[in-house]
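Input: a single structure, listed below in structure tokens.
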Amino acid sequence: MTRQTVLIWFRNDLRLHDHEGIHHALGSGAAIAGVYCYDSRQFATTRWGFPKTGALRAKFLQEAVEDLRQQWQALGGQFWMTAGLPEIIIPQLAVQLHATTVYFQREVTQEEVQVEQHLTQALQRQGIPVHRFWGTTLYHPDDLPFAVQDLPDVFTPFRKQIEHQNMAVRPLFPPPSALPPVPPLALTLPTPSPEWFLPEEADPRGVMTFQGGERAGLARLDHYFWQGDHLKAYKATRNGMLGADYSSKFSPWLALGCLSPRWIYQAVKRYERERISNDSTYWLIFELLWRDFFRFVAQKYGDRLFYRSGLRGMQGTGGWDPAQFERWQTGHTGYPLIDANMRELALTGFMSNRGRQNVASFLCKNLGLDWRSGAAWFESSLIDYDVCSNWGNWNYIAGTGNDPRNARYFNILKQAKQYDPQGAYVRHWLPELAPLPTANVHQPWSLTPQEQQRLNVRLGQDYPRPCIELKYPTHRG
């Protein structure tokens with residue numbers, strides 16, 4: 001009897017631990033092959049004129065895929081990396097392998113679901129069934145106390161129902177100790193374009209060095225929880241902007257599935273047993289719940305997540321001014337907190353959560369630009385880009401999504417003084433403002449011409465004038 005062969009198509013599930021597809025494939029006794037296909041559409045140019053996947057994000061992805069390939073082959077399995085349109089490449093590979101089934105992780109958003117549908121149809125024409133599994137959230141959608149279409153539109157009721165039900169997180173799937181090989185097969189598959197992975201090194205001023213892949217993600221968890229013992233203070237430090245350990249920094253590995261949210265949850269529970277259980281340990285799980293919420297919101301609302309009018313069908317949600325957008329994008333707005341964060345993003349692929357809220361609010365509420373342009377720039381730039389969290393959060397800030405307060409905005413100068421009171425973060429990313437006294441660093445134009453001359457700071461040359469005058473409504477967010 002010919003041994004069955006399962007082909008696992010990896011997407012945003014680039015790990016061996018807690019992987020349902022691997023677990024069930026091993027349980028079937030089949031030979032198992034793995035494949036990752038770089039989707040050429042993800043490397044196109046956006047309508048806004050920049051790459052859909054920028055260089056730093058592409059580098060992190062490439063490292064994650066390579067790490068999975070190395071681990072897979074070390075366990076005795078066969079793993080291919082290819083490029084093109086997955087709905088064309090994967091069925092061709094499945095036929096050549098004589099695969100009896102193709103496994104893949106379900107996604108919920110427009111582009112990804114369309115690829116799934118076209119791939120499934122192509123496989124069905126070849127008589128090859130598919131097996132889809134869910135692996136992106138802490139809680140499985142089948143376990144929620146409501147149908148996804150009945151999901152509360154505000155986070156707090158969602159969280160309270162989860163906690164009131166005392167819902168259990170499903171057990172972890174164990175990582176494989178070995179992988180049964182497929183028969184030797186010489187294949188010539190399309191390879192990624194070198195232009196997709198131009199050499200790009202993150203600026204050394206970044207909060208830390210982010211290395212893609214499961215092993216690096218697990219190492220980060222070990223450092224943050226066990227070696228550095230930082231989890232116990234997470235709630236107090238999470239709004240920081242400068243340094244490696246003010247927050248967990250798990251998001252890049254979560255975004256590509258290099259870390260399972262359930263694995264993190266179980267690590268938190270172990271920490272609570274062995275070290276301490278407090279507001280900080282609860283708050284990290286609270287943040288995982290936010291991630292779940294945006295995933296289920298995307299599943300509930302579908303394409304509306306990407307409409308200019310957003311989830312709420314709001315009208316008049318921003319215009320378009322290329323010059324103003326470029327000032328925001330490159331960090332030359334004349335507002336130091338905004339500029340420092342935007343330069344950090346461009347140079348490292350990362351930005352603190354506090355920074356993201358402020359720069360998003362500035363683009364939407366102060367510049368009055370189409371929020372989708374900012375969401376697309378984040379998609380291009382962030383190494384931790386997650387389609388649901390990114391577009392869900394931008395809807396939220398723009399007032400078109402799940403925020404119960406319609407007029408929320410961030411007072412940039414107030415935020416700067418609260419979260420960077422000594423100006424250390426601004427000076428770190430805007431060295432041209434380093435000589436400024438703390439009282440002026442967030443408002444450099446408060447310096448008189450004489451003070452500028454004395455400090456040898458050439459405002460208007462080394463650092464731009466404010467691109468707009470800040471005006472805020474009565475109700476502040």
Side-chain angles (χ1 to χ4, degrees), residues 137-139 154-164 166-167 169 207-208 210 217-255 259-295 337 341 344 350-361 382 384 386 389-390 392-393 396-397 402-405 408 410-411 414-422 424-425 476-477:
T137 54
L138 179 61
Y139 290 100
V154 176
F155 173 73
T156 298
F158 163 77
R159 174 184 60 80
K160 286 183 176 179
Q161 287 197 53
I162 297 290
E163 293 177 348
H164 178 72
N166 196 24
M167 282 178 51
V169 174
V207 294
M208 56 184 279
F210 290 97
L218 292 172
R220 173 61 186 175
L221 187 151
D222 181 68
H223 164 80
Y224 190 76
F225 281 18
W226 307 109
Q227 304 304 317
D229 201 23
H230 299 297
L231 178 56
K232 64 185 179 184
Y234 171 72
K235 188 177 180 183
T237 64
R238 74 190 193 283
N239 279 311
M241 291 189 290
L242 193 60
D245 296 322
Y246 62 78
S247 67
S248 71
K249 310 294 191 301
F250 295 157
S251 57
W253 295 284
L254 277 167
L259 279 179
S260 158
R262 298 191 303 187
W263 187 277
I264 295 173
Y265 174 86
Q266 294 299 343
V268 171
K269 292 303 175 182
R270 178 189 160 202
Y271 186 94
E272 289 179 334
R273 292 191 301 269
E274 298 182 8
R275 298 270 174 101
I276 189 173
S277 175
N278 61 11
D279 286 350
S280 289
T281 57
Y282 166 80
W283 211 263
L284 196 137
I285 296 172
F286 177 91
E287 296 295 353
L288 291 176
L289 267 180
W290 262 110
R291 187 173 172 275
D292 276 16
F293 178 67
F294 280 129
R295 177 73 50 165
L337 182 70
N341 274 286
E344 180 185 12
F350 193 81
M351 186 196 300
S352 69
N353 183 61
R354 179 58 49 180
R356 296 178 201 209
Q357 293 175 312
N358 275 278
V359 302
S361 178
L382 285 170
D384 63 356
D386 173 281
S389 293
N390 182 67
N393 270 305
Y396 191 97
I397 292 293
N402 302 93
D403 187 354
R405 295 175 60 185
R408 187 188 302 268
F410 286 79
N411 185 318
K414 180 182 177 182
Q415 291 274 309
K417 293 174 182 177
Q418 182 174 355
Y419 293 104
D420 187 27
Q422 302 304 313
Y425 176 76
R476 299 186 174 185

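Keep in mind the model is a prediction, meaning the values are calculated, not measured.
Ile264 contributes atom CD1, which lies 7.0 Å from atom CG of Leu284 (distance to the nearest 0.5 angstrom). Taking OH from Tyr265 and CG from Leu138, the interatomic distance works out to 7.0 Å, rounded to the nearest 0.5 Å. Note that CD of Gln266 is 9.0 Å distant from CZ of Arg262, once rounded to the nearest 0.5 Å. Rounded to the nearest 0.5 Å, atoms CE (Met351) and CG (Asn358) are 9.5 Å apart. In this structure, OG on Ser248 lies 9.0 Å from CG on Leu259, to the nearest 0.5 angstrom. Taking CG of Asp279 as the start and NZ of Lys232 as the end, the distance is 15.0 Å to the nearest 0.5 Å.
Scanning for side chain to side chain contact (heavy atoms under 4.5 Å, CB included) contacts around Asn353 gives Gln357, with sequence neighbours left out. Every residue two or more places apart in sequence or in another chain was checked for a side chain to side chain contact (heavy atoms under 4.5 Å, CB included) with Ala219, and none qualifies. The side chain to side chain donor-acceptor pair (under 3.5 Å) test applied to Ser361 returns no partner, not counting sequence neighbours. Take Phe210 and apply the ring-ring contact (aromatic ring centres under 6.0 Å, His included) test, not counting sequence neighbours, and it matches Trp253, Phe350. Taking the side chain to side chain contact (heavy atoms under 4.5 Å, CB included) definition, one finds that Ser280 meets it with Tyr234, Lys235, Asn278, sequence neighbours left out. For Gln161, the side chain to side chain contact (heavy atoms under 4.5 Å, CB included) test picks out Pro145, Phe146, Pro152, with sequence neighbours left out.
Residues Glu272 and Tyr282 come closest through the heavy atom pair OE2-N, 4.3 Å. The two residues Val207 and Met241 make their nearest non-hydrogen contact at CG1-O, 4.1 Å. Residues Asn341 and Leu337 share a closest heavy-atom pair of ND2-O, 2.9 Å. Nearest heavy atom pair, residue Pro261 against residue Arg291, reads CG-NH1, 3.8 Å. Closest approach of Tyr139 to Val169, counting heavy atoms only: CE2-CG2, 3.7 Å.
Taking the side chain as every heavy atom from C-beta outward, Asp384 and Leu254 never approach each other to under 4.5 Å. For the pair Asp229 and Tyr271, the minimum side-chain heavy-atom distance is below 4.5 Å.
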Test log, rule ring pair (Phe, Tyr, Trp, His ring centres under 6.0 Å), inputs Phe250 and Phe225:
CA-CA 11 Å; Phe250 295 157; Phe225 281 18; 5.7 Å; yes
Given the rule in the side-chain contact (heavy atoms from CB on, under 4.5 Å) test, do Arg356 and Ile397 qualify, once you have shown the distances and angles that lead to the verdict?
CA-CA 10 Å; Arg356 296 178 201 209; Ile397 292 293; over 6 Å; no
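Using bins of under 30°, 30° to 60° and over 60° for the plane-to-plane angle, the ring pair Phe294/Tyr396 lands in the perpendicular bin. In this pair, Phe293 and Trp290 present their aromatic rings perpendicular. The plane angle is above 60°, beyond the 30 to 60° band.
A donor-acceptor pair is defined here as one N or O able to donate and one able to accept, closer than 3.5 Å; no such pair exists between the side chain of Asp420 and the backbone of Ala416. Not a single donor-acceptor pair under 3.5 Å links the side chain of Asn390 to the backbone N or O of Asp386.
Figure legend: Lys249 and Tyr246 shown as a cation-pi pair, the cationic atom lying under 6.0 angstrom from the six-membered ring centre and within 45 degrees of its axis.
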